[in-house]
Amino acid sequence: MAARRISSLFSRTFLSSSPSSRFLHGRNSSWTRGICRYGTAAAAEEPIAPPVQVNHTQLLINGQFVDAASGKTFPTLDPRTGEVIAYVAEGDAEDVNRAVAAARKAFDEGPWPRMAAYERSRILLRFADLIEKHNDEIAALETWDNGKPYEQAALVEVPLLTRLIRYYAGWADKIHGLTVPADGPHHVHTLHEPIGVAGQIIPWNFPLLMYAWKVGPALACGNAVVLKTAEQTPLSALFVTKLLYEAGLPSGVLNIVSGFGPTAGAALASHMDVDKLAFTGSTNTGKVVLELGAKSNLKPVTLELGGKSPFIICEDADVDQAVELAHFALFFNQGQCCCAGSRTFVHERVYDEFVEKAKARALKRVVGDPFRKGVEQGPQVNCS
């Protein structure tokens with residue numbers, strides 16, 4: 001097939017980037033979030049006051065909100081204006097040590113891995129019910145801290161968070177071993193058991209969905225968890241984890257450390273008492289995470305990394321539909337998706353028509369305050 005490639009349409013107007021916890025950069029470049037300003041009328045609008053208050057800014061260790069051991073805090077910013085939303089406790093290696101110790105005690109001595117799987121499922125289901133009850137509040141917090149459209153957060157992402165937690169809750173009592181055929185008069189079977197303390201590091205583009213993908217299966221299986229949130233978007237994980245403890249999660253089973261990659265992230269990845277590590281972010285940071293896991297206790301590491309995903313339009317495609325699909329694939333969530341369709345390959349026979357219509361569709365995209373109804377494109381949470 002003869003095709004021509006569109007590497008990035010309107011790259012000066014919209015950005016597409018993969019999230020990274022920035023292990024490789026110094027502290028200043030890590031916590032200073034660049035504010036991207038575009039030449040649109042929407043930028044001059046008075047920001048809408050978010051309909052939510054920030055109540056949780058400390059670390060969550062052993063079921064309690066606590067200050068960082070150092071007493072340090074860092075600002076989390078409103079990506080619309082660059083103004084400080086709140087100052088959040090800045091965890092580092094000492095706080096990771098405290099969180100891992102709490103998780104280890106909860107796993108080795110606590111009830112979570114020992115209770116009936118059905119009871120674990122009930123707690124996760126109560127958690128999902130609480131998320132559903134606080135849907136709009138959680139969505140507002142996510143939009144304020146991340147910049148994504150409120151309608152997207154409230155109508156899609158928080159309901160999906162609820163659905164994911166219920167899905168994983170359903171797996172809790174359905175994790176079965178196998179009976180294996182053997183030669184001779186022998187009985188062979190396998191048993192699936194929780195691995196222990198899981199260290200998890202999530203990015204800033206989908207804070208709540210990444211939370212669900214990491215925390216949900218780990219808890220359903222009976223593990224204890226230490227989660228490091230992205231420094232750009234620390235607020236929603238603290239809020240929803242408070243709801244999880246209200247649902248009945250035993251102390252220490254899930255611990256939240258807010259902080260930066262070179263300190264908290266590196267400490268978690270290299271901790272000798274973490275049994276499994278999961279990371280979502282950039283490929284370069286993933287290499288560092290894998291190296292730290294190997295150099296410490298050779299812990300197994302699961303990586304979900306960014307890429308350049310192709311979108312292919314054949315000569316017999318419905319061009320109008322292809323334009324809409326390609327537009328969504330690239331620009332959804334401000335283009336901040338690990339699997340964004342950021343490489344568009346178009347058959348030469350429909351290339352000119354596609355480019356003309358794709359440009360027109362992009363220029364029609366509604367850019368503005370993400371709390372304003374009908375806005376498709378909010379600010380970029382991270383411009384690097």
Side-chain angles (χ1 to χ4, degrees), residues 1-25 34 36 38-40 79 146-149 152 156-157 160 202-207 209-210 213 230 232-233 279-290 302-367 370 375-384:
M1 181 183 75
R4 295 166 69 183
R5 172 180 172 181
I6 304 173
S7 297
S8 66
L9 287 169
F10 319 113
S11 60
R12 294 188 180 183
T13 304
F14 300 106
L15 300 179
S16 175
S17 58
S18 297
S20 169
S21 293
R22 315 236 181 276
F23 280 78
L24 304 179
H25 298 281
C36 300
Y38 303 109
T40 67
N146 172 276
K148 65 181 62 200
Q152 173 186 322
V156 179
E157 293 188 20
L160 186 54
I202 60 175
W204 41 260
N205 57 342
F206 292 97
L209 295 185
M210 296 299 103
W213 291 2
Q232 296 90 348
T233 53
F279 168 81
T280 297
S282 73
T283 301
N284 286 337
T285 304
K287 293 177 181 179
V288 178
V289 169
L290 188 62
T302 301
L303 301 175
E304 182 197 6
L305 309 178
K308 299 292 290 181
S309 305
F311 190 95
I312 302 172
I313 300 170
C314 300
E315 62 177 319
D316 59 347
D318 180 325
V319 174
D320 291 332
Q321 183 180 23
V323 165
E324 285 299 322
L325 292 173
H327 182 86
F328 180 85
L330 178 59
F331 293 131
F332 173 66
N333 201 55
Q334 288 73 258
Q336 297 174 145
C337 299
C338 295
C339 58
S342 52
R343 290 187 299 159
T344 304
F345 293 89
V346 185
H347 194 282
E348 61 182 1
R349 293 180 184 173
V350 295
Y351 179 86
D352 292 336
E353 179 186 1
F354 176 86
V355 170
E356 180 180 354
K357 291 182 175 180
K359 178 181 178 181
R361 176 62 182 92
L363 291 173
K364 286 170 55 180
R365 190 166 181 83
V366 182
V367 180
V375 165
E376 299 176 276
Q377 184 93 14
Q380 306 296 128
V381 65
N382 191 304
C383 296
S384 57

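Note that the structure is a prediction, hence the values are computed from the model and not measured.
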If we ignore hydrogens and angles and just use 3.5 Å, is the side chain of [X] paired with the main-chain N or O of [Y] as donor and acceptor?
X	Y	result
Lys148	Asn205	yes
Asn146	Val381	no
Arg365	His327	no
Gln336	Gln380	no
Glu376	Val366	yes

Any [X] side-chain heavy atom under 4.5 Å of [Y] side chain:
X	Y	value
Leu330	Thr344	no
Val346	Phe311	no
Arg343	Pro310	yes

**Prompt:** Testing Asn284, Thr280, Thr285 for side-chain hydrogen bond (donor to acceptor under 3.5 Å, both in side chains) with Ser282, which one passes?
**Reply:**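 Answer to the side-chain hydrogen bond (donor to acceptor under 3.5 Å, both in side chains) test with Ser282 among Asn284, Thr280, Thr285: Thr285.
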Which heavy atom of [X] sits nearest to which heavy atom of [Y], and what is that distance?
X	Y	value
Val375	Pro149	O-CB, 3.7 Å
Ser309	Cys338	OG-O, 4.3 Å
Pro79	Pro379	O-CB, 3.4 Å
Lys357	Asp320	NZ-OD1, 2.8 Å

**side-chain hydrogen bond (donor to acceptor under 3.5 Å, both in side chains) involving Gln152 - partner list, sequence neighbours excluded** =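 Once residues adjacent in sequence are excluded, the partners of Gln152 under the side-chain hydrogen bond (donor to acceptor under 3.5 Å, both in side chains) criterion are Glu157, Asn333.
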**Request:** Find the distance between OG1 (Thr233) and CD1 (Ile202) and round it off to the nearest 0.5 Å.
**Result:**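 That separation rounds to 6.5 Å.
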